[in-house]
Amino acid sequence: MNTHHRHRTTRVIAASALSAVLLAVTGCSSKAGGTSTEEGGDGVKTGPGVTAKTIKLGALTDLTGPYATLGKSIVQAQQMWAEETNAKGGICERKIEIVVKDHGYDVQKAVTAYADIAPDVVAMPQVIGSPVVAALLDDIERDKVLTFPQAWAASLLGKDPVQVLGTTYDVDMIGAVDFLVRTKGLKKGDTIGHVYFEGDYGTNALEGSTWAAERAGLKITGQKIKATDTDLSAQVSALRKAGVKAVLISAGPAQTASLVGVAASKGLRVPVVSSAPGFAPQLMKTPAAPALEAMLNVVSAAPAVSSDLPGVKSMVAAYQKKYPGSPVDSGVLSGYNAAQLLGQDLEKACEDGSLAREDVVKAHRAQRNADTGLGTPQDFSDVNRPASLASYILKPDPKAVGGIVQVEKAHEAPGVEEYLKSGG
């Protein structure tokens with residue numbers, strides 16, 4: 001049964017309804033006029049967000065909510081990219097400006113913020129949060145604003161202007177199960193626990209782990225939690241009682257630290273694999289650090305910020321110089337990579353003679369092997385597929401930049417294509 005697509009459709013319908021309700025409540029509407037275009041003096045067509053001298057981009061971020069640390073890293077990395085780009089003459093002989101709005105991970109605030117900035121930006125290299133993007137999907141599609149979510153739920157696929165970068169949560173979890181079977185001795189009949197946030201993030205991750213476990217002859221026992229749950233003692237007790245041989249977690253850093261710390265103290269010393277948003281370098285300065293170092297791996301579409309990739313090394317050096325004292329976490333890499341990819345799209349759109357929104361989207365969808373040197377190449381030509389199917393396996397290391405190192409290079413787990421063709 002095509003449960004993957006059924007869940008996705010249900011979530012998108014719910015999100016559309018939510019968006020409509022919020023717009024009615026706030027009295028806000030976006031008059032972005034995504035199709036109106038003009039021709040500049042240089043012969044390049046323009047539209048909202050583009051003048052003869054500037055290209056304005058938008059960022060709907062979280063600087064005051066649960067992902068404030070991540071939001072700050074992404075904003076700073078993207079501002080650094082804009083300054084570097086402008087120092088080289090900009091794009092299409094125009095300077096880049098990024099308009100940043102903080103929604104604090106509040107969907108209603110995000111809907112209002114989008115209405116405020118939408119008339120004045122051509123694209124958005126950052127929107128934090130699956131629920132936020134889900135509520136804005138219809139508006140983004142209507143306005144033809146190329147948008148890169150800092151969220152990786154498969155429910156965000158299928159819209160022409162919306163691009164999930166890298167893998168989706170379900171693809172990563174298929175890689176996580178494969179990693180456990182290959183390297184941690186799991187065998188048919190074993191049970192894996194999966195602790196996951198309610199909502200699109202956790203649901204999509206669980207779809208991947210459930211499919212992969214069934215394929216490998218394993219069982220999944222799920223533990224759904226809220227973002228406000230920071231003591232996972234009850235979940236650990238339930239997993240221990242279920243006799244799990246490994247645990248997956250798709251939540252935030254606080255939940256990962258609690259899960260691993262409590263499991264270690266209660267004698268449940270089994271391998272734990274986290275989705276990428278579940279780790280932050282700050283965890284390596286907490287009492288849970290020794291247990292995290294001993295038990296945790298992270299599955300990620302992006303390499304570690306401690307990677308030897310030349311592009312990553314030069315970005316880290318530039319970031320540390322510009323923002324001394326700021327942590328270099330996955331948000332820095334994710335934000336900078338997204339900005340670079342958007343820059344490539346804008347360059348291509350300029351070459352093709354139009355910086356109108358729909359033509360920036362068209363330029364983006366023409367990219368089949370986009371490579372910034374910050375990870376795996378990506379194919380943006382199919383709106384219904386993840387841009388990449390290859391995941392890295394990483395491991396906490398308190399001595400490394402970003403508190404994490406690479407264990408396995410990016411590769412596609414067996415069965416991923418089969419999963420996508422089956423619709424999950």
Side-chain angles (χ1 to χ4, degrees), residues 66-67 69-70 130 150-153 166-180 183-184 186 192-199 201-209 212-213 220-225 227 229-230 232 235-236 239 244-264 268-284 286 288-306 329-331 333-334 391-398 400 402-408 410 413:
Y67 290 101
T69 305
L70 178 75
S130 294
Q150 290 289 326
W152 296 269
T167 52
T168 44
Y169 296 124
D170 47 357
V171 169
D172 281 343
M173 281 292 111
I174 293 171
V177 172
D178 172 62
F179 172 72
L180 288 170
T183 70
K184 303 299 180 184
L186 269 72
I192 301 175
H194 195 161
V195 179
Y196 61 98
F197 272 167
E198 62 183 5
Y201 167 22
T203 302
N204 186 221
L206 184 67
E207 285 169 355
S209 67
I220 290 282
T221 179
Q223 292 282 326
K224 181 160 70 173
I225 59 172
D229 295 337
T230 52
L232 301 194
Q235 287 77 16
V236 170
L239 293 173
V244 299
K245 296 292 170 62
V247 180
L248 304 169
I249 180 163
S250 301
Q255 290 76 21
T256 302
S258 177
L259 173 79
V260 176
V262 172
L268 185 64
R269 289 191 164 267
V270 297
V272 179
V273 184
S274 170
S275 297
F279 179 81
Q282 291 86 344
L283 294 186
M284 302 316 289
T286 70
L292 290 164
E293 191 176 358
M295 296 165 60
L296 185 69
N297 284 101
V298 178
V299 61
S300 170
V305 288
S306 61
D329 56 19
S330 62
L333 181 58
S334 183
S391 304
Y392 293 86
I393 301 291
L394 314 176
K395 182 176 175 51
D397 183 338
I404 200 160
V405 294
Q406 182 176 302
V407 174
E408 291 185 355

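Residue numbers count from 1 along this sequence.
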Counterpart residues, side-chain hydrogen bond (donor to acceptor under 3.5 Å, both in side chains), relative to Asp178 (two or more places apart) = Arg182
Taking only residues two or more places apart in sequence or in another chain, which ones pass ring pair (Phe, Tyr, Trp, His ring centres under 6.0 Å) with Tyr392?
-> none
Mark yes or no for whether [X], through its side chain, and [Y], through its backbone, hold a donor-acceptor pair below 3.5 Å.
X      : Y      : result
Tyr196 : Ala205 : no
Asn297 : Leu394 : yes
Ser334 : Ser330 : no

Are His194 and Thr221 close enough that a side-chain donor and a side-chain acceptor fall under 3.5 Å?
-> no
[Y] and [X], any side-chain heavy atoms less than 4.5 Å apart:
X      : Y      : answer
Phe197 : Gln255 : yes
Ile393 : Val298 : no
Val247 : Ile192 : no
Val305 : Asp329 : no
Thr203 : Glu198 : no
Pro303 : Leu333 : yes

When rounded to the nearest 0.5 angstrom, what is the spacing between [atom1] in [X] and [atom2] in [Y]?
X      : Y      : atom1 : atom2 : result
Ser391 : Asp172 : OG    : CG    : 3.5 Å
Met295 : Ser274 : CE    : OG    : 12.5 Å
Lys184 : Phe179 : NZ    : CZ    : 4.5 Å
Leu248 : Leu180 : CG    : CG    : 6.0 Å
Ile404 : Ser300 : CD1   : OG    : 7.5 Å
Trp152 : Ser275 : CH2   : OG    : 10.5 Å

State, to 0.1 Å, how close Gly175 and Ala413 come at their nearest heavy-atom pair, and which atoms those are.
-> CA-CB, 3.7 Å
Considering non-hydrogen atoms only, spot the tightest contact between Lys395 and Leu296 and give its length.
-> CG-O, 3.9 Å
Taking salt bridge (charged side-chain N to carboxylate O under 4.0 Å, His left out) as the test, write out the residues that go with Lys245, two or more places apart.
-> Asp190
Sequence neighbours left out, what passes salt bridge (charged side-chain N to carboxylate O under 4.0 Å, His left out) with Asp229? Give chain and number order.
-> none
Please identify each residue that fulfils side chain to side chain contact (heavy atoms under 4.5 Å, CB included) with Pro398, with sequence neighbours left out.
-> Met284, Glu293
Distance-only donor-acceptor hits, side chain of residues 256-263, under 3.5 Å, sequence neighbours excluded:
{"from": "Thr256", "atom 1": "OG1", "to": "Gly252", "atom 2": "O", "distance (Å)": "3.2"}
{"from": "Thr256", "atom 1": "OG1", "to": "Gly278", "atom 2": "O", "distance (Å)": "2.7"}
{"from": "Ser258", "atom 1": "OG", "to": "Thr230", "atom 2": "O", "distance (Å)": "3.2"}
{"from": "Ser258", "atom 1": "OG", "to": "Leu232", "atom 2": "N", "distance (Å)": "2.9"}

